[in-house]
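What follows is a short report on a single structure.
Just follow the structure's listing: the first ligand is 1, and inside any ligand the first atom is 1.
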Amino acid sequence: MKEKTPGSSRIGVLTSGGDAPGMNAAIRAIYRAAYELDIEVAGIRRGYTGLIEGDFFRMERSHVVNIIHLGGTILGTSRTEEFKSWEGRQRSAENLQNAGIDALIVIGGDGTFKGAARFNDETGIPTIGIPGSIDNDIPGTDFSIGFDTAINTALEAIDKIRDTAISHGRLFFVEVMGRSSDLIAIESGIAGGAEFLVLPEDKNAINDLCTQLSSSFSAGKRYAIVVVAEGNNPGCSFSIAKEVSDRLSIESRVVVLGHIQRGGSPTARDRVLAAKLGVSAVYAYTKGHAGVMAGELKRSVVLTPFDKVIMGRNKPEQNIIRLAKILTK
Ligand code: F6P
């Protein structure tokens with residue numbers, strides 16, 4: 001890192017946790033907004049791991065050229081235990097101070113903001129968050145960067161699986177990501193016209209699915225697509241499929257979409273969201289905000305304090321669950 005000119009300002013940016021399509025568009029927006037305001041940007045590699053190790057570089061315009069359409073994150077990412085410790089956060093603060101970095105912008109999900117909240121409060125280094133996660137479970141924003149791309153990726157897969165399901169007359173279980181959030185399953189299930197949705201909290205799901213399948217298969221239907229939310233148990237669709245196949249004596253196939261949902265070129269929605277939030281995060285810093293996440297609620301950018309963001313998880317709204325129940329059976 002070069003010496004800073006007196007009076008100038010320098011912000012660090014990192015991506016942390018599960019990567020999400022659109023993170024690069026957010027990095028680009030941050031760089032370009034900062035450039036307009038004469039603020040230098042330091043890229044921090046590999047999320048909090050790079051922050052703890054002082055793995056920084058001065059970002060130039062060339063770093064953000066031709067990245068808007070790229071999935072993943074040019075900065076790299078990590079899930080690290082070390083930042084959960086006071087020592088890890090103190091080392092990070094020292095690294096930032098030594099590099100003349102005045103503030104930090106973090107792009108990530110729930111775990112990222114838990115660390116950021118502590119870091120902001122303990123060190124006094126202004127920290128601003130941007131929600132980036134395919135799970136869309138972060139309070140303080142209607143959508144997190146990456147969700148729209150992930151549901152479209154899942155949808156494309158479901159549409160393709162439907163072709164072969166119909167051709168063979170087969171029952172398919174398609175498992176989608178989302179950990180504690182069912183939103184990818186609900187929205188890709190509705191959009192993909194799934195015959196049934198299995199959500200982890202629905203304890204009767206397998207019984208209901210068997211009842212429904214046995215009646216539709218006896219009425220002549222020969223295929224079905226069941227979208228399964230992975231919940232906290234990735235791979236759960238294998239045992240669900242076995243149980244249903246055994247009970248109904250129907251052959252089935254399982255497709256676990258997995259990390260495919262995390263990659264790929266971001267959709268226009270994700271790019272626009274990333275642009276709005278990236279620029280807003282930089283402006284929030286210049287206006288003296290700290291310890292807040294820039295999210296979008298009802299089409300307006302809203303700054304929500306970290307303590308509110310980390311208090312819980314966004315759960316699917318009742319109206320979308322009702323819609324899914326009406327349409328996916
Ligand atoms: O939080 C994003 C997410 O993709 C979840 O949907 C999924 O359960 C998890 O990350 C997978 O994590 P990892 O990449 O560490 O296996």
> Among protein heavy atoms, which sits nearest to atom 15 (O) of ligand 1, and what does the distance come to when rounded to 0.1 Å?
Replying inline: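 For atom 15 (O) of ligand 1, the nearest protein heavy atom comes out as R79 NE, 2.9 Å.
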
>> To check your reading of the model: name the closest protein heavy atom to atom 1 (O) of ligand 1, its residue, and the distance in Å.
In response: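 Result for atom 1 (O) of ligand 1: D135 OD2, 2.9 Å.
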
>> I need the atoms of ligand 1 closer than 4.0 Å to a non-hydrogen atom of H259, numbered in the order shown.
In response: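 Answer, ordered by atom number: 13 (P), 14 (O), 16 (O).
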
> Against heavy atoms of R262, which atoms of ligand 1 measure under 4.0 Å?
Replying inline: 3 (C), 4 (O), 9 (C), 10 (O), 11 (C), 12 (O), 13 (P), 14 (O)

> Is there a heavy atom of G178 sitting under 4.0 angstrom from any atom of ligand 1?
Replying inline: yes

> Considering all heavy atoms of both residues, which atom of V254 and which atom of A241 are nearest to each other, and what is their separation?
Replying inline: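 Nearest heavy atoms, V254 then A241: CG2-CB, 3.5 Å.
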
>> I need the minimum non-hydrogen distance between P200 and A229, along with the two atoms involved.
In response: CD-CB, 3.8 Å

> Going by distance only, is there an N or O of S133 that falls short of 3.5 Å from an N or O of ligand 1?
Replying inline: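 No; every N/O pair is 3.5 Å or more apart.
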
> Is E230 touching ligand 1 with its side chain, its backbone, both, or neither, if touching means heavy atoms under 4.0 Å apart?
Replying inline: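 The part of E230 near ligand 1 is the side chain, not the backbone.
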
> Under a 4.0 Å heavy-atom limit, does I134 contact ligand 1 with its side chain, its backbone, both, or neither?
Replying inline: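 For I134, the contact with ligand 1 is made by the side chain alone.
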
>> Could you check whether any side-chain N or O of S78 sits under 3.5 Å from a backbone N or O of T80, counting only pairs where one atom can act as donor and the other as acceptor?
In response: no

> Quick one: is the NZ or CZ of K242 closer than 6.0 Å to the six-membered ring centre of F238, and within 45° of its axis?
Replying inline: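 Not satisfied by the 6.0 Å and 45° rule.
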
>> Would R45 pass as a cation-pi partner of F56, given that its NZ or CZ must be under 6.0 Å from the six-membered ring centre and within 45 degrees of the axis?
In response: no

> What about I225 and I166, same hydrophobic cluster or not, with Ile/Leu/Val/Met/Phe/Trp/Tyr joined at side-chain heavy-atom distances under 4.5 Å?
Replying inline: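 No; tracing contacts between hydrophobic side chains, which count when under 4.5 Å, never links both residues.
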
